[in-house]
Amino acid sequence: MVRDNQIPDRILYYLATPPVMYELVPTALKQNHMNRATTAGGWRRIVVEKPFGTSLETAQKLNCRLTAIFHEDEIYRIDHYLGKETVQNILVLRFSNGIFEPLWGRHYIDSVEINVSESIGIEERGKYYDKSGAMRDMIQNHLMQLMGFVAMESPAVFDPEPIRDEIVKVFRAVRPYADEEIDKYVVRGQYEGYQEEKDVTPGSTTETFVVMKFYIDNWRWSRVPFFLSTGKKLPEKNSEVIIHFKATPHLLFAGQCSGGSCNKLVIRIQPDEGISLKFGLKIPGAGFRVKQISMDFRYDSITKDSLPDAYERLLLDAMLGDSTLYSRSDALEASWKFIDPVLAWWKKKGDKGLYYYPPGQDGPVEKIRLIAIPEACPCE
Ligand code: BG6
């Protein structure tokens, strides 16, 4: 349907604004009758940036307000990690190949690691970041979504709702922490000098680093630890998913790897986008000595074009009405439900249990007690 001025009656609103505007703008749109199309076949959609709420309660409130103005299928909650080609490829890698499925679960996987490291600090975003911290800024959304793609079951069809249904099931199966477990399973840190950053409250206990270990209580993932970690001012920018497969039950060869580091699938989200599978092979010549090698795929080997920017893909999808790569309200609420008790616990503890780390180093040393550090591989 085309209006008098020949412009189709289709408007996508994109709220790349401070979160405080997420209620004000839609309310103003409604007051001015701009939330409904005026012709049949027209549409209005709204894209809302993260953070979507700061807790379960605020996320639910925001959902209520938005759904009073727009229908659920007109609301697009953006998470730019889902717009990354390498993240979408996790689904294709898993569900277009039969060979991984039998290995993908408790029988063959030792642990799953998802790391998003950044070398930058908080830049000029002190006002926002000091209230948010790494847990709300990265874990609750980007890392949880990545975990959803790694852990979900195959949908029956590749359509938005079945895919999002599977993600919600994973989030709901994540085992919640009891208060007394939080210090054992979650380590938080702050880089030295953070408190002198612009717009940061002196004495702030906001975390700039988090690593957490948890379990997903379902048949596929029973007893397989998941590790999520993220931090600012770390040595380098690097995002990756590492699937650590179980070791062989018995060692036969000299130099053979013996721990979870032997066979792993590394999905490099960025930079140096690609996938590597690590396994042991015989070193040519006499005897049977083993060397760990890596079979590598690099994105630049299939296309010389630079990968599309995450936002290009996501905004195009919203224009096309495809919400597959957008977060649904129930998934967001399930992730807040898991995260909220940790944030409440930290609030109660203040700076007790907050570890400081020097910028440019690998985060607080206390993470070592948590992170799956597989037995060093002598031959890698
Ligand atoms: C944003 C966070 O959502 O993601 C930032 O607010 C973070 O703090 C950024 O730096 C990381 O995105 P990317 O695509 O550079 O990994």
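Counting convention: from 1, in listed order, for ligands and their atoms alike. Along the sequence shown, residues are numbered consecutively beginning with 1.
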(message) Using a 4.0 Å cutoff against the non-hydrogen atoms of His142, which atoms of ligand 1 qualify?
(response) 1 (C), 3 (O), 4 (O)
(request) Specify the protein heavy atom at minimum distance from atom 4 (O) of ligand 1: its residue, its atom name, and the distance to 0.1 Å. (result) His80 CE1, 3.3 Å
(request) Return the residue, atom name and 0.1 Å-rounded distance of the protein heavy atom closest to atom 16 (O) of ligand 1. (result) Tyr81 OH, 2.5 Å
(message) For the NZ atom on Lys282, are there more than 12 heavy atoms of other groups (residues, nucleotides or ligands in this structure) within a distance under 6.0 Å?
(response) yes
(message) Check this for me: Lys184, atom NZ, are more than 12 non-hydrogen atoms of other residues, nucleotides or ligands nearer than 6.0 Å?
(response) no
(message) Tell me whether Arg268 is salt-bridged to Glu240, with the criterion being a basic N under 4.0 Å from an acidic carboxylate O.
(response) no
(request) Inspect the contact between Arg45 and Asp73 and indicate whether a charged nitrogen and a carboxylate oxygen are less than 4.0 angstrom apart. (result) no
(message) Can you name the atoms of ligand 1, numbered from 1 with element, that are less than 4.0 Å from a heavy atom of Asp137?
(response) 2 (C), 5 (C), 6 (O), 8 (O)
(request) Look at Lys198 together with Glu123 and state whether they make a salt bridge at an N to O cut-off of under 4.0 Å. (result) no
(request) For Lys50, take its heavy atoms, then give the atoms of ligand 1 lying under 4.0 Å from any of them. (result) 1 (C), 2 (C), 3 (O), 6 (O)
(message) Which of the numbered atoms in ligand 1 are under 4.0 angstrom from any heavy atom belonging to Lys84?
(response) 13 (P), 14 (O)
(message) According to a hydrophobic-cluster definition based on side-chain heavy atoms being under 4.5 Å apart (Ile, Leu, Val, Met, Phe, Trp, Tyr only), do Tyr177 and Trp336 belong together?
(response) yes
(request) For Lys232, take its heavy atoms, then give the atoms of ligand 1 lying under 4.0 Å from any of them. (result) 5 (C), 7 (C), 8 (O), 10 (O)
(request) Please indicate whether any nitrogen or oxygen in Ser239 is less than 3.5 Å from any nitrogen or oxygen in ligand 1. (result) no
(request) Evaluate the ring planes of Tyr81 and His142, with Trp represented by its six-membered ring, and classify them as parallel (under 30°), tilted (30 to 60°) or perpendicular (over 60°). (result) parallel
(message) Residue-level breakdown please: for Tyr129 versus ligand 1, do any non-hydrogen atoms fall below 4.0 Å on the side chain, on the backbone, on both, or on neither?
(response) neither
(request) Write out the residue and atom name of the closest protein heavy atom to atom 9 (C) of ligand 1, then the distance separating them to 0.1 Å. (result) Glu118 OE2, 4.0 Å
(request) For Lys237, counting its heavy atoms only, list the atoms of ligand 1 lying under 4.0 Å from any of them. (result) 13 (P), 15 (O), 16 (O)
(message) Please report whether the ring centroid of Phe214 lies less than 6.0 Å from that of Phe338.
(response) yes
(request) For ligand 1, find out whether one of its N or O atoms is nearer than 3.5 Å to an N or O atom of Tyr128. (result) no
